[in-house]
Structure formats: structure tokens, C-alpha cells
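So the structure is just underneath, and the comments pick up after that.
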Amino acid sequence: MDIKSRVILSVVFLLNLLTLNGARRLGRFIGWFLRISNSNLYKVTMKNLSLCFPEMSEPDKEELARKSLIETGCQIAETGFAWSGSAQLRSKKIKQMKTSNEAVFEAALAKGKGVLMLTSHFGNWEFLTSTLPMKCKLMVLYKMVKMPVLEKHMLEVRCSSGLEMVPGNRQGVETFVNHYQQGHTCLIAPDQEPSEKSGVWVPYFGVNALTPKFIHSLIQSNPEGVVIFTHMKRIKDGYEMIFSEVDSGIYDADLEISAAAMNKTFERCIKVDGIEQYQWDYKRFKKNPEKHYRGL
């Protein structure tokens with residue numbers, strides 16, 4: 001086993017000894033440390049909040065950054081049971097698993113023409129892959145890591161729920177598209193910055209951002225399919241899986257209109273369901289010509 005995989009898996013196994021509440025207490029400490037140490041994650045968080053909410057006062061931004069970094073800390077601490085054991089064993093640590101607006105999901109499934117589920121880096125997205133396969137034949141694209149042992153372990157854990165995962169290479173993408181076209185359910189998180197060749201510039205929280213073209217292509221490849229939004233919100237003693245309808249513009253044949261509608265859906269759901277649980281420490285606007293993260 002390579003050294004990096006050994007170290008990461010050792011940490012994961014140790015974190016798995018914690019209860020959910022224990023992991024969250026550790027997460028609050030991690031978040032506190034990230035803030036008071038003036039870490040790069042804190043700096044990026046503050047920069048993103050300044051870009052996306054220019055009208056927000058400095059004290060409010062500081063408070064939101066504090067809460068956001070605590071959520072980031074919880075995400076880190078919860079990897080113990082998110083990446084360990086079977087889906088059944090992981091579920092035993094969760095005392096409360098709620099679902100909101102499930103009718104949106106059921107209506108999309110009932111159509112039988114394929115469901116494209118969009119999600120964001122919000123709350124604990126890892127648990128979507130543990131829960132959703134119990135409700136549908138779910139496929140997810142994943143980004144391959146350069147540590148084969150760690151990748152093998154993560155695939156085994158994530159697929160223990162019945163989830164089917166395919167790598168983000170050419171063959172994997174083709175399999176993913178075919179799965180959707182055949183009337184099945186796909187899950188993808190397109191709120192990260194693609195390459196300039198693979199993206200289109202549209203607003204995201206009022207900032208010009210590269211947004212993946214792939215989602216538009218996928219939607220157009222299956223005109224009868226249904227697109228919905230979902231994310232897994234962190235709540236007391238567990239999680240809440242929330243389903244939402246998307247902005248109708250996402251189905252538009254025009255790439256920019258579709259991509260902008262997708263971003264609007266993300267903005268709306270993040271603002272409504274808990275803005276502090278979004279991953280504000282990610283450099284979402286890194287390729288913007290204005291060099292927003294210069295010096296960070």
C-alpha cells in the first residue's frame with residue numbers, strides 16, 4: 001500500500017470510531033481552528049462571500065464564514081463513517097434521516113424516461129450515495145484519484161449500497177450517458193469549475209463563472225428525461241435529503257440559457273436550505289480573468 005493511502009485510511013478508520021455527535025464536536029473544533037489560524041480555507045471563504053454577497057456587512061460575513069468553516073470541519077470529521085463499512089453499518093450511526101419534497105423525486109421516477117439528479121457540495125453529499133440507491137437504479141460519475149488503494153477502498157464502500165460508479169474518463173462518461181438515455185437515474189455535482197474548453201461563462205451568485213457544458217449535452221441527449229435537484233442537509237442527529245424542482249430554463253436548447261438556469265437553481269436551493277452548509281472554501285471562480293484569488 002502506498003504511504004499516502006495508508007495514512008488517509010488510518011485517519012478514516014480512527015474517525016469511524018466516533019459517534020455522529022462526536023464527529024460533529026470534532027468538526028466544530030476543526031472549523032474553529034481553520035478560522036483562528038487564518039488558514040487558506042478561511043481566506044477563500046471570505047473572498048467568495050465578498051464576491052457573492054457584496055451587500056453583506058463585514059460582521060455578517062465573518063459570522064457566515066465561521067459557520068461555514070464549522071460545516072467544513074464536520075464534513076472532514078464525518079468522513080470516518082462516510083468512507084468506512086457498509087451502508088447498513090453507516091446508517092446505524094444516524095439517528096434521524098428525513099426526506100423533504102419526495103413527491104418531486106417520485107413524479108420524476110414515475111415518468112420512466114430517466115432522471116438526472118443534480119446536487120451541489122452542500123451538507124454531506126456523501127450520504128446521497130448511501131440513501132438514493134435504495135430508491136432507484138443510481139449511477140454516479142467519479143473523479144479518479146492517483147492513489148489506487150484508496151480509490152479501491154472508496155469504491156467498495158460507496159458501492160455497498162447498490163450504487164453503480166463509473167470513472168470520469170471517456171468510457172465512463174459514455175456509460176453514464178447511456179444509463180440516463182435508457183431511462184435510469186444519474187447523479188452528478190456540477191458546481192465545480194471545469195476546464196475552459198469544457199465550460200461556458202454564465203453568472204453564479206452574480207459572478208461570472210465557468211460552468212460545465214456537459215450537463216446541457218446530457219439533458220439534450222434525452223429530451224424526455226426529467227431533471228431535479230437534491231442535496232443532503234446536516235440536521236440534529238442526522239441528515240435531511242431535500243428534493244427540489246429546477247428552473248425550467250435548464251431544458252432550453254441554448255447552452256448559455258440552460259447553464260444559467262442550472263446555476264440559478266443552485267443559488268435558490270442553497271439560500272433556502274442553509275447557506276452556511278455550502279462549500280464556500282472552494283475556489284469556484286479561479287479561472288475568472290479578474291484573478292479573484294490572487295495572493296491567496
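For the single chain, residues carry numbers from 1 onward in sequence order.
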Any chance the rings of Phe229 and Phe266 have centres within less than 6.0 Å? yes
Does the side chain of Pro167 come within less than 4.5 Å of Phe176's, by heavy atoms? no
Donor-acceptor pair, distance only, cut-off 3.5 Å: does the side chain of Asn288 make one with the backbone of Asn208? yes
Could you walk me through whether Thr175 and Asn178 pass side chain to side chain donor-acceptor pair (under 3.5 Å), step by step? CA-CA 5 Å; Thr175 301; Asn178 288 336; 5.7 Å; no
If you apply the rule side chain to side chain donor-acceptor pair (under 3.5 Å), what do you find for Thr72 with Gln279, and how did you get there? CA-CA 7 Å; Thr72 295; Gln279 189 183 359; over 6 Å; no
With Arg170, which residues qualify under salt bridge (Lys or Arg N to Asp or Glu O under 4.0 Å), at least two apart? Glu174
Do Arg234's NZ or CZ and the ring of Tyr239 fall within the cation-pi criteria of under 6.0 Å and 45°? no
Going by an N to O cut-off under 4.0 Å, is there a salt bridge joining Glu267 and Lys264? no
Could you tell me whether a side-chain N or O of Tyr180 sits under 3.5 Å from a main-chain N or O of Ser221, the two making a donor and an acceptor? no
Does the Ser198 side chain pair with the main chain of Pro194, one donor and one acceptor, at a distance under 3.5 Å? no
Which pairs with one or both residues in residues 40-76 pass ring pair (Phe, Tyr, Trp, His ring centres under 6.0 Å), sequence neighbours excluded? Phe53-Phe205, Phe53-Trp280
Got a donor-acceptor contact below 3.5 angstrom from the Tyr293 side chain to the Arg284 backbone? yes
What side-chain donor-acceptor pairs closer than 3.5 Å can you find for residues 107-120, not counting sequence neighbours?
residue : atom : partner : partner atom : Å
Lys111  : NZ   : Glu224  : O            : 3.2
Thr119  : OG1  : Thr230  : O            : 2.7

Is Phe33 atom CZ crowded by more than 12 heavy atoms from other residues, nucleotides or ligands, each under 6.0 Å away? no
Does His179 use its side chain to pair, donor to acceptor, with the backbone of Thr185 at less than 3.5 Å? yes
Is His121 reaching over with its side chain to a backbone N or O of Pro190, donor-acceptor style, under 3.5 angstrom? no
Whether the side chain of Asn101 engages the backbone of Ser244 through a donor-acceptor N/O pair (distance < 3.5 Å, no angle test) should be reported. no
Just do the side chain to side chain contact (heavy atoms under 4.5 Å, CB included) check on Arg24 and Glu78 with the steps written out, would you? CA-CA 7 Å; Arg24 289 180 176 177; Glu78 289 171 8; 3.0 Å; yes
